[in-house]
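These notes concern the structure reproduced below.
Residues: numbered from 1 along the sequence shown.
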Amino acid sequence: MNAGPVTLRTLPAVPDPSGHTAGIELASADHHRHAVSPWRLHLQHLGPGTHSAFRDDAPTQLATLDAPLALDAADGLQLLRLQVTGVQPGQTLHLHEPTRIVRLERDHPESAELIARPLQGPMLLPTTGQGWLAWLLAGRATVQLGTSDWELATDVPAWLPSGTGQRLRLEGSGELVLVRFRTIPAD
């Protein structure tokens, strides 16, 4: 793929295993022909209170986008905005304010990685043997591959272009969620 970022089509809302909320499945291995390393990427809107952690034994990473939360007990491990952590089945999330949670479930911990961070200036991403999903939450960013460049839309997840042996560069300022996959075709 080298025609620029490809907007991610969101999948239908799915029930949260805790029963407290519905979420959107942003992407999954099933919908992107990547069954070798199964994974699922979700966005959930959670309100204040206690929420059960997630349903299955798949290694899970999550990042809170709008407000901090605590894991296990109200005074437990604090997870700040854009901070990524691994969660275990049976853990509880305690929120004082509404927030969106990005959750990456994968069957193999090394098959995908969730990264959430501020974007300040340039960021170089490897393309050989890897695929990237980018979600610019706020700000502006340009994607550059070789001699081509594209604007990255705000608040619209997109697969980034790839090219073996070429440098993929993000440049701009704002807040960014990335998911790194070993290899992933855009659909």
Side-chain angles (χ1 to χ4, degrees), residues 8-29 31 37-120 123 125 132-141 152-160 170 172-181 184:
L8 185 65
R9 293 190 302 264
T10 59
L11 303 173
V14 293
D16 180 321
S18 69
H20 293 287
T21 186
I24 295 173
E25 186 172 292
L26 294 172
S28 73
H31 288 86
S37 297
W39 53 269
R40 288 185 302 277
L41 183 65
H42 297 269
L43 172 66
Q44 292 178 288
H45 296 264
L46 300 179
T50 300
H51 300 272
S52 296
F54 311 110
R55 66 180 175 267
D56 47 35
D57 294 332
T60 300
Q61 289 182 299
L62 66 80
T64 177
L65 301 184
D66 305 308
L69 61 82
L71 286 173
D72 279 336
D75 61 349
L77 172 67
Q78 295 293 311
L79 184 65
L80 304 176
R81 282 186 66 249
L82 298 181
Q83 188 175 353
V84 176
T85 192
V87 295
Q88 301 300 318
Q91 284 189 298
T92 54
L93 310 177
H94 300 270
L95 289 85
H96 296 290
E97 301 174 50
T99 189
R100 294 171 297 162
I101 303 278
V102 174
R103 186 176 86 235
L104 175 65
E105 297 172 354
R106 61 248 150 105
D107 280 2
H108 303 288
E110 66 278 355
S111 64
E113 177 185 8
L114 181 63
I115 303 163
R117 64 180 298 262
L119 175 64
Q120 297 177 352
M123 174 189 261
L125 304 174
W132 293 91
L133 182 138
W135 183 6
L136 184 64
L137 301 171
R140 61 161 195 80
L152 191 59
T154 304
D155 213 22
V156 180
W159 298 111
L160 295 183
L170 292 177
S173 62
E175 294 180 337
L176 181 68
V177 172
L178 293 168
V179 183
R180 182 182 61 152
F181 296 94
I184 184 76

Validation row: Val84, Ile115 side chains within 4.5 angstrom (heavy atoms): no
Atom CG of Leu176 and atom CG of Leu136: how far apart are they, to the nearest 0.5 Å? 6.5 Å
Per the side-chain contact (heavy atoms from CB on, under 4.5 Å) rule, which among Asp155, Leu41, Val179 passes with Trp135? Asp155
Is the shortest heavy-atom distance from the side chain of Leu93 to the side chain of Leu71 under 4.5 Å? yes
Of all heavy-atom pairs linking Arg81 and Leu65, the shortest is NE-O, 3.0 Å
Heavy-atom side-chain contact between Leu69 and His51 under 4.5 Å: no
Less than 4.5 Å apart, side chain to side chain, heavy atoms only: is that true for Leu125 and Leu178? yes
One should read off an interatomic distance between Leu133 CG and Leu114 CG, to the nearest 0.5 angstrom, of 10.0 Å
4.5 Å side-chain heavy-atom contact, Val177 and Leu137: yes
If you define the side chain from C-beta out and look only at heavy atoms, does anything of Leu160 sit under 4.5 Å from Leu152? yes
Arg40 side chain near Arg103 side chain, heavy-atom distance below 4.5 Å: no
In this structure, CH2 of Trp159 is separated from CH2 of Trp132 (nearest 0.5 Å) by 12.0 Å
